[in-house]
Amino acid sequence: NIARAKIEEIKSTSFELITTYFPEGEYYIDSQSLPDGATLGISYPDGIEVNPLATSVSVSWQENENSRTIQLVTLVTSQ
């Protein structure tokens with residue numbers, strides 16, 4: 001699952017650099033990872049100046065003319 005992999009990538013990043021390396025917004029990913037037109041979004045629902053940092057990763061795509069979205073949320077803390 002690409003959303004789970006992105007969360008693991010975020011969690012393995014130095015806490016101070018997370019919002020720099022993974023800014024809020026939507027990113028198109030290569031077609032090998034997701035179908036054409038699919039997007040991956042990252043957001044920080046509680047803002048970026050908090051510890052723990054609430055991190056949300058969502059993947060959206062079209063399937064049989066229906067919109068689909070999966071969202072995973074985790075808390076990331078400084079070590």
Side-chain angles (χ1 to χ4, degrees):
N1 174 315
I2 191 73
R4 185 168 297 140
K6 186 57 69 177
I7 283 194
E8 291 306 315
E9 185 180 352
I10 290 169
K11 289 169 75 174
S12 69
T13 301
S14 174
F15 185 80
E16 298 78 20
L17 299 174
I18 290 173
T19 58
T20 300
Y21 289 176
F22 304 97
E24 237 176 343
E26 282 192 3
Y27 304 92
Y28 290 92
I29 317 175
D30 64 76
S31 59
Q32 294 176 350
S33 300
L34 290 173
D36 287 341
T39 61
L40 179 135
I42 297 173
S43 65
Y44 304 101
D46 297 334
I48 61 171
E49 300 294 327
V50 295
N51 184 7
L53 179 64
T55 304
S56 172
V57 174
S58 62
V59 177
S60 300
W61 69 98
Q62 289 287 119
E63 182 178 304
N64 298 327
E65 298 184 24
N66 294 310
S67 296
R68 305 278 190 218
T69 300
I70 184 170
Q71 183 177 33
L72 299 177
V73 179
T74 191
L75 294 175
V76 182
T77 60
S78 62
Q79 306 259 331

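Hydrogens, waters and symmetry mates are skipped; everything else that's a heavy atom, side chains included, is used.
- Here CD of E49 is found 7.5 Å from OG1 of T19. Values are rounded to the nearest 0.5 Å.
- Within a 6.0 Å sphere centred on CD of E63, heavy atoms belonging to other residues, nucleotides or ligands number more than 12.
- Across all non-hydrogen atoms, the minimal contact from A54 to P45 is O-CD, 3.4 Å.
- Hydrophobic clustering, with ILVMFWY side chains joined whenever heavy atoms are under 4.5 angstrom apart, keeps L72 apart from L75.
- Counted within 6.0 Å of CZ on R68, heavy atoms from surrounding residues, nucleotides or ligands total more than 12; the atom is thus considered enclosed.
- Across L53 and I48, no two heavy atoms sit closer than the pair CD1-CA, 3.9 Å.
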Working note: W61 + I70, criterion side-chain contact (heavy atoms from CB on, under 4.5 Å); need CA distance, chi angles, decisive distance, verdict. CA-CA 9 Å; W61 69 98; I70 184 170; 3.9 Å; yes

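- Cluster annotation: V73 and V50 are assigned to distinct hydrophobic clusters (Ile/Leu/Val/Met/Phe/Trp/Tyr, side-chain heavy-atom contacts under 4.5 Å, transitive).
- No option in S56, S43, S58 other than S56 meets the side chain to side chain donor-acceptor pair (under 3.5 Å) test with Q71.
- Considering I42, V57, T55 in turn, I42 is the only one that fulfils the side chain to side chain contact (heavy atoms under 4.5 Å, CB included) rule with F22.
- In terms of heavy-atom proximity, E65 sits nearest to Q62 at C-NE2, 3.8 Å.
- Between N51 and T77, the shortest heavy-atom contact is OD1-CA, 3.5 Å.
- In this model, a donor atom of one side chain and an acceptor atom of the other lie less than 3.5 Å apart for T69 and S60.
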